[in-house]
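Input: a single structure, listed below in structure tokens.
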Amino acid sequence: MRWSSLFIPTLRDAPAEAEAASHRLLVRGGFIRQLQSGHYSMLPLGWRVHQKVARIIRQEMDGIGGQEFLLPAMHPASVWQASGRWESMGDEMFRLTDRKGADLALGMTHEEVFATISQELNSYRELPQLWYQIQWKFRDEPRPKSGLLRVREFAMKDSYSFDLDDEGLDRSFDLHHDAYQRIFQRLDLDARPVEASSGAMGGSASIEFMVASDAGEDDVAVCDSCGYAANLERASAALDPLENRPAGDAPESFPTPGVRTIAALAELGHPPVHQIKTLVYRIDDVLTLILLRGDHPFLEQKFTDATGAAEVIPAEVDEIRAALGASPGSLGAVGVADLPIYADEALRGRSGMTTGANEDDQHLKGVDMERDVTVDHWLDVRGIIEGEACTTCGEPLRVVRCIEAGHIFKLGRKYTEAMGVMVLDGEGVNRVPTMGSYGIGVGRAMATVAETHHDEHGLLWPMSIAPYEVVLTVVKVDHDESMAVAERLYDELRAAGVDVLLDDRDDRPGVKFADAELIGIPLRVAIGPRGLDSGQLEFTVRSGGETVDVPIDEVVARVIDAVVTDRTAGQ
RNA sequence: CGGGCUGUGGCUCAGCUUGGCUAGAGCGCCUGGUUUGGGACCAGGAGGUCGUGAGUUCGAAUCUCACCAGCCCGACCA
């Protein structure tokens with residue numbers, strides 16, 4: 001394509017509101033424009049990248065036997081009611097009503113609809129099935145942010161596997177695991193598979209593919225020694241050995257006027273590790289105590305995953321007072337018999353602890369967890385802390401901020417059961433197939449590459465998804481010989497199947513070089529009188545920045561060679 | 001939803017505290033000229049409901065109130 005006739009609105013200044021590097025560069029480079037918060041238009045350059053990402057995903061999905069579908073983006077409420085998610089998705093689902101008054105939803109994911117189609121499966125002989133699509137998802141995110149990284153409307157590759165039994169599901173899951181690694185490799189993304197929480201999807205296991213980046217929203221615990229990696233929402237770590245403090249035969253009350261926090265109590269000689277933190281939550285409408293060590297944060301996600309609770313809401317001060325007789329800051333579980341009590345594993349076997357006395361300005365010391373607290377359930381619900389030991393190998397864990405580039409789930413039979421899906425097995429018995437669900441956000445993948453591939457001049461697209469693979473920069477467009485050579489190279493490269501951009505704009509060279517760097521074209525050939533005189537053209541690789549002179553007759557071969565080896569990298 | 005901040009040509013911003021001629025600058029854009037290997041220069045020009053509405057006032061970009069939108073932090077979230 002000829003740059004002079006393309007719409008590539010590059011900007012010298014980044015929009016003030018863009019903070020993430022990918023956001024700034026994608027806007028500055030003329031790839032995307034915002035229509036409203038969380039909704040972006042793909043401009044021609046952006047759409048080319050998007051389509052190349054999608055093509056790689058398609059190739060890999062087809063490679064593991066995936067069959068591409070296209071399902072509606074707008075769904076009747078009924079399918080969501082059948083799975084129970086019409087309620088549970090809450091405000092995150094866009095809902096609307098048609099002229100007949102029927103309730104509709106914009107699809108935020110497609111388990112329900114694919115499961116509906118799977119009702120036409122009749123026999124185990126038809127399994128496994130692996131179905132996918134690249135389709136628009138709509139999620140009413142409370143806070144869209146960072147350009148394409150978190151939006152309300154986006155293209156997602158979502159796939160779904162249907163198997164007769166758990167072994168089959170394991171195979172489908174592993175196929176996806178491998179395909180995802182190939183996809184991210186081809187995108188030149190260093191995506192690490194990590195154990196993850198299944199969240200609202202339900203199911204037995206899930207793995208996220210995480211790319212380290214400060215622009216991310218997830219924290220991952222990583223062990224560099226044995227390779228353990230888990231989202232902080234589910235990561236566990238070993239505790240440092242700890243001596244219990246000596247204590248008497250019974251808890252002892254002592255006055256603590258004005259002490260409301262762990263830190264304040266610590267100043268009175270009760271270190272956080274020797275305190276019991278008492279949280280009061282409303283768990284599915286039941287007032288519940290949750291106990292942790294004083295220095296440990298509570299992770300609601302871990303609690304939800306462990307208990308299956310639908311609603312985990314901090315209790316209000318007045319209901320706490322009514323139930324326990326004290327305000328937050330003086331709460332404890334000693335002697336509490338009428339409320340369910342959950343305790344974090346880190347409190348097991350602890351004695352000589354300090355906790356609130358359920359009387360304002362009073363605390364108890366010498367508390368023994370076994371003797372003095374009626375724990376109903378022991379759970380791991382604490383957030384781990386960087387530097388704690390890996391439970392597998394004992395080495396210290398690192399915490400890394402990451403972008404979630406992909407997520408795969410073993411769903412089980414939740415949706416097939418809800419939709420009444422049955423197939424006959426080899427014995428003629430009706431069985432409910434088990435499902436897996438697997439997702440990659442296309443725009444987010446693109447933004448993640450931008451986030452991890454840029455320098456002070458602009459983007460550095462990998463060849464595999466660059467909007468154009470090579471740009472021919474005509475230094476002086478009114479120099480006839482330059483244009484003639486450029487046109488010839490342009491034709492030859494196009495004939496060879498190279499995505500070539502001819503910068504024939506009547507602009508100063510500096511403008512063209514800067515633009516080419518900003519939009520991140522991997523290769524550049526500069527064609528100008530200076531080089532033509534000596535029969536040489538300048539060949540520049542964007543990522544390395546080095547420029548070499550190449551004889552005119554060898555340029556095409558040189559470009560083709562670089563393009564072909566590079567764009568198939570990772571395949 | 002809580003906290004912080006911001007809305008003035010396509011982009012970046014000044015002007016607002018202390019209300020007052022026709023609302024400015026840089027970049028970008030158009031025309032002409034001069035230039036031409038790393039974001040040129042000169043001259044002329046187009047382009048703005050100052051987020052929206054109401055109020056105060058002789059007079060509002062500027063003061064008051066309400067609303068809307070956007071960004072960041074948190075909560076939330078495949």
Side-chain angles (χ1 to χ4, degrees), chain A residues 7 9-20 23-24 27-30 33-39 85 88-93 107-111 137-147 149-152 154 156-160 196-203 206-209 215 217-218 231 233 300-301 304-305 311-314 404-411 436-441 444 457-458 473-479 482 503 505-518 524 526-533 536-538 540 545 547 549:
Chain A
F7 182 64
T10 59
L11 303 173
R12 291 211 185 182
D13 302 305
E17 69 269 14
E19 222 155 78
H23 188 193
R24 299 172 66 84
V27 172
R28 271 195 64 204
R33 288 292 184 266
Q34 185 184 64
L35 179 63
Q36 59 171 329
S37 178
H39 300 261
R85 293 207 289 186
S88 67
M89 283 306 190
D91 289 340
E92 213 185 330
M93 186 148 72
M108 39 197 300
T109 175
H110 283 75
E111 281 78 12
K137 305 292 188 245
F138 298 85
R139 296 178 186 183
D140 193 353
E141 293 285 346
R143 180 146 98 87
K145 56 179 288 200
S146 306
L149 282 174
R150 181 160 218 87
V151 292
R152 304 204 302 174
F154 60 101
M156 177 184 228
K157 187 289 297 175
D158 47 323
S159 45
Y160 306 86
S197 156
S198 300
M201 302 293 297
S206 84
I207 286 181
E208 289 169 328
F209 289 81
E217 301 180 85
D218 286 275
N231 194 306
E233 290 176 347
E300 289 185 16
Q301 188 69 54
T304 311
D305 290 347
E311 274 192 332
V312 179
I313 303 167
E404 177 190 346
H407 201 161
I408 59 181
F409 298 87
K410 290 182 186 175
L411 286 181
S437 147
Y438 317 88
I440 294 178
R444 182 186 285 183
H457 301 296
T473 303
V474 182
V475 174
K476 274 172 69 84
V477 290
D478 52 2
H479 183 251
S482 291
D503 193 351
R505 292 176 298 167
D506 184 12
D507 259 308
R508 298 174 68 82
V511 172
K512 299 190 189 191
F513 292 142
D515 271 347
E517 282 155 8
L518 174 60
R524 181 175 81 211
I527 300 147
R530 204 165 72 188
L532 289 176
D533 289 344
Q536 309 262 320
L537 300 179
E538 282 170 25
T540 307
T547 292
D549 288 328

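Naming: A, B, ... by sequence-line order, numbering from 1 per chain.
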Indicate for each nucleotide in nucleotides 27-39 of chain B, in 5' to 3' sequence, whether protein heavy atoms under 4.0 Å reach the base (B), only the sugar-phosphate (S), or nothing (-). SS------BBBBB

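Listed pair Gln301(A) / C76(B) fails the phosphate criterion, with no side-chain N or O lying under 4.0 Å from OP1 or OP2. Side-chain N/O atoms of Ser37(A) include one lying less than 4.0 angstrom from OP1 or OP2 on C71(B).
Each of Ala16(A) and Met108(A) lies near RNA chain B, and the nucleotide nearest Ala16(A) is the one positioned closer to the 5' end. Two residues, Glu92(A) and Pro144(A), neighbour RNA chain B, and the one matched to the more 5' nucleotide by heavy-atom proximity is Pro144(A).
For Arg530(A), the salt bridge (charged side-chain N to carboxylate O under 4.0 Å, His left out) partners at least two apart in sequence or on another chain are Glu538(A). Not counting sequence neighbours, Ser37(A) has no partner by the side-chain hydrogen bond (donor to acceptor under 3.5 Å, both in side chains) test. Here Asp515(A) pairs with Thr10(A), Arg505(A) under the side-chain hydrogen bond (donor to acceptor under 3.5 Å, both in side chains) rule; sequence neighbours left out. Partners of Ser206(A) under the side-chain hydrogen bond (donor to acceptor under 3.5 Å, both in side chains) rule, at least two apart in sequence or in another chain, are His407(A). With sequence neighbours left out, Arg28(A) forms a side-chain hydrogen bond (donor to acceptor under 3.5 Å, both in side chains) with no residue at all.
If you check every strand for non-hydrogen atoms under 4.0 Å, Glu217(A) touches nothing. Residue Pro142(A) is in base contact, counting any heavy-atom pair closer than 4.0 Å across all strands shown. Residue Glu208(A) is out of contact with every strand shown, counting any heavy-atom pair closer than 4.0 Å. In this structure, Ala18(A) reaches neither bases nor backbone, as no heavy-atom distance under 4.0 Å exists between it and the strands shown.
Here the closest non-hydrogen pair linking Tyr438(A) and Phe409(A) is CE2-O, 4.0 Å.
For C67(B), the paired nucleotide is G51(B), the pair qualifying as Watson-Crick or G-U wobble because both relevant distances are below 3.5 Å. C1(B): Watson-Crick or G-U partner is G74(B), with both key distances under 3.5 Å. If you check G9(B) for Watson-Crick or wobble pairing at under 3.5 angstrom, you find it has no partner at all. Across all strands shown, G28(B) remains unpaired; no Watson-Crick or G-U wobble contact has both distances below 3.5 Å. Base pairing annotation: G38(B) forms no Watson-Crick or G-U wobble pair, as no partner gives both donor-acceptor distances under 3.5 Å. Look at U18(B): it lacks any Watson-Crick or wobble partner with both distances under 3.5 angstrom.
Nucleotides G28(B) and A75(B) place their C1' atoms 41 Å apart, quoted to the nearest Å. Comparing the C1' positions of U36(B) and C42(B) gives an interatomic distance of 16 Å, to the nearest angstrom. Remark: the separation of the P atoms in G15(B) and G7(B) is 10 Å, to the nearest Å. As rounded to the nearest Å, U22(B) and A61(B) have P atoms that lie 11 Å from one another.
The CG-C1' distance, from Asn231(A) to C77(B), rounds to 12 Å in whole Å. Put simply, CZ on Arg143(A) is 6 Å from C1' on C72(B), counting in whole angstrom units. Per the geometry, CZ belonging to Arg33(A) stands 18 Å off P belonging to G70(B), to the nearest Å. Between Lys145(A) atom NZ and G74(B) atom P there is a gap of 6 Å when expressed in whole angstrom units. A straight line from NE2 of His23(A) to C1' of G70(B) spans 10 Å, rounded to a whole angstrom. Between the CZ atom of Phe154(A) and the C1' atom of C77(B) there is a distance of 11 Å, rounded to whole Å. In this structure, CD of Glu141(A) is placed 13 Å from C1' of A75(B), rounded to the nearest angstrom.
Electrostatic pairing of Arg150(A) and Glu217(A) counts as a salt bridge here, judged by a charged N lying under 4.0 Å from a carboxylate O.
Between the side chains of His110(A) and Lys137(A), at least one donor N or O sits under 3.5 Å from an acceptor N or O.
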